[in-house]
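Note sheet for the following structure.
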2 protein chains.
Amino acid sequence: MRLIVAHCEVHYRGRVSSVLPPAVRLLMCKSDGSVMVHSDAGGYKPQNWMTPPTRIEESAERIVVEKGSGKALERLEIHITEILSDVTHAMDEGPRLEKDGVERDLQEALADSPQALAEGLRLVRREYPTPIGPVDLMCADADGYLAVEVKRVGTIDAVEQLTRYLEYIRAERGLETCRGMLVAESMKPQARTLAVARGIDTRTVDLAELRGLREPELTLFMP
Amino acid sequence: MRLIVAHCEVHYRGRVSSVLPPAVRLLMCKSDGSVMVHSDAGGYKPQNWMTPPTRIEESAERIVVEKGSGKALERLEIHITEILSDVTHAMDEGPRLEKDGVERDLQEALADSPQALAEGLRLVRREYPTPIGPVDLMCADADGYLAVEVKRVGTIDAVEQLTRYLEYIRAERGLETCRGMLVAESMKPQARTLAVARGIDTRTVDLAELRGLREPELTLFMP
DNA sequence: CGGTAGATTTCGTGA
DNA sequence: TCACGAAGTCTACCG
């Protein structure tokens, strides 16, 4: 990884046009072709960047990064006034990040414990297919079928998504009365409101609790 | 800005749990409290990070970054095995990025030239309010009213959004027959399909052309 | 390669 | 502070 600290001005033209007036910034060039321009503030995001694959052309006072072609051409021009530091560090790209607690994990926990959503509820199948994509969980109880959409955060979009699924599901024979439920770890008020209007149930759950229903939690902890 | 290159292991616990096995990485600490862990590949995103406001606690072999409290507590622990480099660079935070070509600019151009969407179309008002948020443009011609949703990229979500707006608009007196149009610089085929099914018009436009209708383009160029 | 859905989305804005 | 919508979203996955 190459780290350049330099006084520079940056122009980008592609999906939008942007100008970054002259100032001292960090230029990060990764070995995969990524180039990022970071200022000392502004948090997470680079002020400008280009993701791989890129074509990089460098001269004494200019670094030009390009990507795509024709109408999709993107171009990042870094005009360097003064270089304050320019170092390269060898870094074998380490192992991948291991995550736990993403939507997939929530879906698995619910597939294991559907009764947490409603008494007597059982899993029919995960990823129940529809023409526009799979519903996370198809369940059933004495009252009939229940299509469950799982999210980490319940939003209006999730309600819309489930609504579209239900349209197709209810067109199937034997599923005309299939109900819908949006399950999330946190629920936006407006999502709940829209869900009520659509006759869709909402439910908030806790991943750790769900797992506790099954077995002692066996996951990643802080040391 | 402080740049540390170190062999380290990182644990995050908060919105999810994650473990980053030991390897050589770049630790970027900005003066606003941001902390990012970058590997040499993986493009744009840091492998781990914490956005401000943060509480940072540092000892010889450990950097702990915390944020929030109670249920919303997030904690990033960086265990350092070996420091290969540790430098700090003074950087006055430069001026903001100036952008052109974002959705706002498109909306302004269309507000100036509604006739580009349909002959004889005139603007009634921008940001026409509904109970669930404002419609970008409310226009009218001899055939009646037209609600216009403006996007840079036309997607299914945009069609859904406009559909919701139209529901409320058509509930108003005098607007029962209001039509809808999705305008974008590029349109996803599936968005077009859904729009047709909903009786919503779609239209692609070019920002530079729109501006050309009014006056010679006066905007940001690459040098 | 295009489309979709998820993300520790982040980030801005307006109420 | 909260909630919503845009973003050069980015990224993984699936066809």
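A, B, ... follow the sequence lines: proteins, then strands. Residue 1 opens every chain.
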- Query: Taking OP1 and OP2 of C/dG2, is either one under 4.0 Å from a side-chain nitrogen or oxygen of B/K188?
  - Reply: no
- Message: So B/N48, base contact, sugar-phosphate only, or nothing? Heavy-atom distance under 4.0 Å.
- Response: base
- Message: Between A/Q161 and A/L182, is the side-chain contact (heavy atoms from CB on, under 4.5 Å) condition met? List the steps.
- Response: CA-CA 10 Å; A/Q161 195 181 340; A/L182 173 61; over 6 Å; no
- Between NZ of A/K71 and C1' of C/dC1 the distance, given in whole Å, is 17 Å
- More 5' along DNA chain D: A/P189 or B/R104, using each one's nearest nucleotide? A/P189
- Note on the structure: Taken to the nearest whole Å, CG/B/D32 to P/C/dG12 is 11 Å
- Rounded off to whole Å, could you give me the CD-to-P distance for the B/E108 and D/dA6 pair? 15 Å
- Message: At 4.0 Å (heavy atoms only), tell me whether B/V102 reaches a base, stays on the sugar-phosphate, or touches nothing.
- Response: sugar-phosphate
- Can you tell me the distance, in whole Å, between the CG atom of A/L162 and the P atom of C/dG6? 12 Å
- Side chains of A/D157 and A/T155, donor plus acceptor under 3.5 Å: no
- Task: Write down the distance separating the C1' atoms in D/dA6 and C/dA7, rounded off to the nearest Å.
- Result: 15 Å
- With the side chain of A/V16 defined as its heavy atoms from C-beta on, choose the nearest nucleotide among D/dA6, D/dG8, C/dG6. D/dG8
- From the candidates C/dT8, D/dG8, D/dA6, the one with an atom nearest any side-chain atom of B/E74 is C/dT8
- Query: Can you name the one residue among A/V19, A/L76, A/L27 that meets side chain to side chain contact (heavy atoms under 4.5 Å, CB included) with A/N48?
  - Reply: A/L76
- Atom CG of B/L182 to atom C1' of D/dA6: distance rounded to whole Å? 15 Å
- Note on the structure: Atom CD of A/E185 and atom P of C/dT8 are separated, to the nearest Å, by 13 Å
- Query: CG of B/L106 versus C1' of D/dG8: gap in Å, rounded?
  - Reply: 15 Å
- In whole angstroms, how far is the C1' atom of C/dT4 from the CD atom of A/E160? 16 Å
- Message: More than 12 heavy atoms of other residues, nucleotides or ligands under 6.0 Å from CZ of A/R96: yes or no?
- Response: no
- Message: Using a 4.0 Å heavy-atom cut-off, does B/M50 contact any base of the nucleic acid, only the sugar-phosphate backbone, or nothing at all?
- Response: nothing
- Under 4.0 Å between any heavy atoms, over every strand shown, what does B/I156 touch: base, sugar-phosphate, or nothing? Just pick one. sugar-phosphate
- Message: Looking at D/dA3, I'd like to know if its phosphate oxygens (OP1 or OP2) sit under 4.0 Å from a side-chain N or O belonging to A/Q190.
- Response: no
- Checking salt bridge (Lys or Arg N to Asp or Glu O under 4.0 Å) against B/R211, which of B/D206, B/D100, B/D112 comes through? B/D100
- Message: Between C/dG12 and D/dC10, how many Å separate the two P atoms, rounded to a whole number?
- Response: 16 Å
- Does B/Y44 OH have over 12 foreign heavy atoms under 6.0 Å away? yes
- Item | For the student: nearest non-hydrogen atoms of B/R170 and B/R179, plus distance | NH2-CA, 4.0 Å
- How far does the C1' atom of C/dG6 sit from the matching atom of D/dA7, given to the nearest Å? 15 Å
- Along nucleotides 10-15 of chain D, 5' to 3', which nucleotides get a B, which get an S, and which get a -, given that the test is a protein heavy-atom distance under 4.0 Å? SS----
- Look at the side-chain N and O atoms of A/Q161 and state whether any lies under 4.0 Å from the OP1 or OP2 oxygen of C/dG6. yes
- Return yes if some donor-acceptor pair links the side-chain N/O of A/R55 with the main-chain N/O of A/G68 below 3.5 Å, else return no. yes
